[in-house]
Number of protein chains: 2
Amino acid sequence: MNIGDVSAHSGLSVKTIRYYEDIGLVSPLRGGNGYRAFRKNEQHKLAFLGRARSLGFTIDDCRTLLALYEDETRASADVKSIANEHLEKIENKIASLEAMRCTLSHLIDECAGDHRPDCPILKDLCGCQDLE
Amino acid sequence: MNIGDVSAHSGLSVKTIRYYEDIGLVSPLRGGNGYRAFRKNEQHKLAFLGRARSLGFTIDDCRTLLALYEDETRASADVKSIANEHLEKIENKIASLEAMRCTLSHLIDECAGDHRPDCPILKDLCGCQDLE
DNA sequence: TTACAGGCTCCAGTAGGTGGAGGGTCAAGG
DNA sequence: CCTTGACCCTCCACCTACTGGAGCCTGTAA
């Protein structure tokens, strides 16, 4: 299967798929014309990668997960541990974004948003020194 | 004031401050020894940048906010509009992270996390094709 | 004078791709 | 047989927002 079709099936862009080959995540064969020829195996891997990435796993996590996926003697504990670490990072990120959202929405509420220069948002950002 | 002291005051790293000069956010004077000499004005700007960045504004937003901050004839509506767009991005990001968290934590709950290879997390990632 | 802290520039690398130039290939229609 | 257009190829540069390090200069205290 050519890269374009694989792209359509996996939802990954052609560029991304080539990039994943560059960094060694997949190794498609090559036809006589130099075109990449993807076997079922690689198509599955790419779909796997697409889903893992959409869950926010890093490329490095993906590499490990893929290796576990292919290792029939894996322990599910190894997978779970990666997932748990990742979950923790996600939760931290959510917490920090929530904090930003909270501050920001308060500031927005307080700002008149009209033609006048007076602005609580800028006041907060400048640390409440005088606004020139 | 030398860059190290400014760094200590603003909480920005020395590297970051030099970088902000590179991209034209601040323009400190230079002493005869080539050292950067920061005036009050630049110190305020850097503090402003630090806070804006900590609220997640992009450097580009910061540039605009800084220009508004220095423009006494600004309309607070312009500031509010930037803040609103940013808030929306934050909320979108939170939503997508929440979705990840939800999926991921369900998968983690279902995974035994023991020595056996059977793993619902991998099963989900591979799209429920057979696990080899 | 000699450390040593602090400053300087410049180059490379990070994550995870995306965009574009410049060129080869394949299938269908005229 | 030729052309057109859709694919495919490689290679290089760029994106965000910094960070790390090499190699060198400067300022200060003992």
Side-chain angles (χ1 to χ4, degrees), chain A residues 1-38 42-43 45-46 48-66 82 85-86 89-90 93 96-97 100, chain B residues 1-38 42-43 45-46 48-66 85-86 89-90 92-93 96-97 100:
Chain A
M1 207 181 225
N2 279 352
I3 198 167
D5 301 315
V6 176
S7 164
H9 275 255
S10 64
L12 297 171
S13 77
V14 167
K15 283 275 192 188
T16 298
I17 295 171
R18 283 201 272 254
Y19 172 68
Y20 285 175
E21 183 187 4
D22 270 4
I23 61 173
L25 287 176
V26 286
S27 306
L29 301 172
R30 295 297 179 122
N33 52 13
Y35 287 19
R36 289 167 183 83
F38 292 86
E42 270 102 33
Q43 293 174 44
K45 276 195 193 182
L46 288 168
F48 183 100
L49 288 168
R51 271 182 288 264
R53 290 288 300 132
S54 78
L55 283 179
F57 284 104
T58 64
I59 291 285
D60 228 49
D61 285 341
C62 288
R63 211 183 286 278
T64 311
L65 288 171
L66 215 43
I82 293 172
E85 278 176 36
H86 179 47
K89 278 177 203 148
I90 287 177
K93 199 148 204 172
S96 93
L97 287 169
M100 288 178 195
Chain B
M1 207 181 226
N2 278 352
I3 198 167
D5 302 314
V6 176
S7 164
H9 275 255
S10 65
L12 297 170
S13 77
V14 167
K15 282 279 193 186
T16 298
I17 295 171
R18 284 202 272 253
Y19 172 68
Y20 285 175
E21 183 186 4
D22 270 5
I23 62 173
L25 287 177
V26 285
S27 307
L29 300 172
R30 294 298 179 121
N33 51 12
Y35 286 18
R36 290 167 182 83
F38 293 86
E42 269 102 33
Q43 294 173 42
K45 276 196 192 180
L46 287 168
F48 183 101
L49 288 167
R51 272 183 287 265
R53 291 287 301 130
S54 78
L55 283 178
F57 285 104
T58 65
I59 291 284
D60 228 48
D61 284 342
C62 288
R63 210 183 285 278
T64 312
L65 289 171
L66 215 44
E85 277 176 36
H86 179 47
K89 278 177 204 150
I90 286 177
N92 290 339
K93 197 145 206 175
S96 94
L97 286 170
M100 287 179 195

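Just so it is clear: chains get the letters A, B, ... in the order the sequence lines come, proteins before strands, and each one is counted from 1.
Counting any heavy atom pair closer than 4.0 Å across all strands shown, B/I3 reaches sugar-phosphate atoms only and no base atom.
For B/M1 and C/dG7, the CE to P distance is 11 Å, given to the nearest whole Å. Rounded to an integer number of Å, the gap from A/I17 CD1 to D/dC8 C1' is 13 Å. Atom CG in A/D5 sits roughly 9 Å away from atom P in D/dC7 (whole-Å rounding). Here C/dC10 presents its C1' atom at 10 Å from CG of B/D22, a figure rounded to the nearest Å. Counting to the nearest Å, the P atom of C/dA15 and the CZ atom of A/F57 are 17 Å from each other. The nearest whole Å value for the distance from the CZ atom in B/F38 to the P atom in C/dG7 is 10 Å. Nucleotide D/dT16 holds its P atom 12 Å from the CG atom of B/D61, rounded to whole Å. Atom CD in A/E21 sits roughly 19 Å away from atom P in C/dG16 (whole-Å rounding).
An OP1 or OP2 oxygen of C/dA15 is reached within less than 4.0 angstrom by no side-chain nitrogen or oxygen of A/R53. Contact annotation: B/S13 side-chain N/O to D/dT19 OP1/OP2 distance is under 4.0 Å. At D/dC18, one or more side-chain N or O atoms of B/Y20 fall inside 4.0 Å of OP1 or OP2 (strictly under the cut-off). Side-chain nitrogen and oxygen atoms of A/R18 include none within less than 4.0 Å of the OP1 or OP2 phosphate oxygen of C/dG17. Residue A/R36 places at least one side-chain N or O under 4.0 Å from the OP1 or OP2 atom of D/dC9. Contact between the side-chain N/O atoms of B/R30 and the OP1/OP2 oxygens of D/dT26 is not found at any separation under 4.0 Å. Not one side-chain nitrogen or oxygen of B/T16 sits closer than 4.0 Å to the OP1 or OP2 atom of D/dA17.
Taking the side chain to side chain donor-acceptor pair (under 3.5 Å) definition, one finds that B/Q43 meets it with nothing, sequence neighbours left out.
For B/Y35 and D/dG27, a side-chain-to-base donor-acceptor distance below 3.5 Å is absent, hydrogens and geometry of angles not being considered. Counting atom types as modelled, A/K15 pairs a side-chain N or O with a base atom of C/dG20 as donor and acceptor under 3.5 Å.
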Report task. Take B/Y20 and B/R53, measure what side chain to side chain contact (heavy atoms under 4.5 Å, CB included) needs, and give me the verdict at the end. Result -> CA-CA 12 Å; B/Y20 285 175; B/R53 291 287 301 130; 3.6 Å; yes
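Sequence order on DNA chain D of the closest nucleotides to B/D60 and A/A37 puts A/A37 first from the 5' end.
Separation of atoms CD (A/E85) and OG1 (A/T58) is listed at 10.5 Å; rounding is to 0.5 Å. To the nearest 0.5 angstrom, B/F57 atom CZ is 12.5 Å from B/L66 atom CG.
A/I59 has its side chain within reach of A/L25: a pair of non-hydrogen atoms, C-beta onward, lies under 4.5 Å apart.
In the set D/dC9, C/dC26, C/dG17, C/dC26 carries the atom at the smallest distance from any side-chain atom of A/N33.
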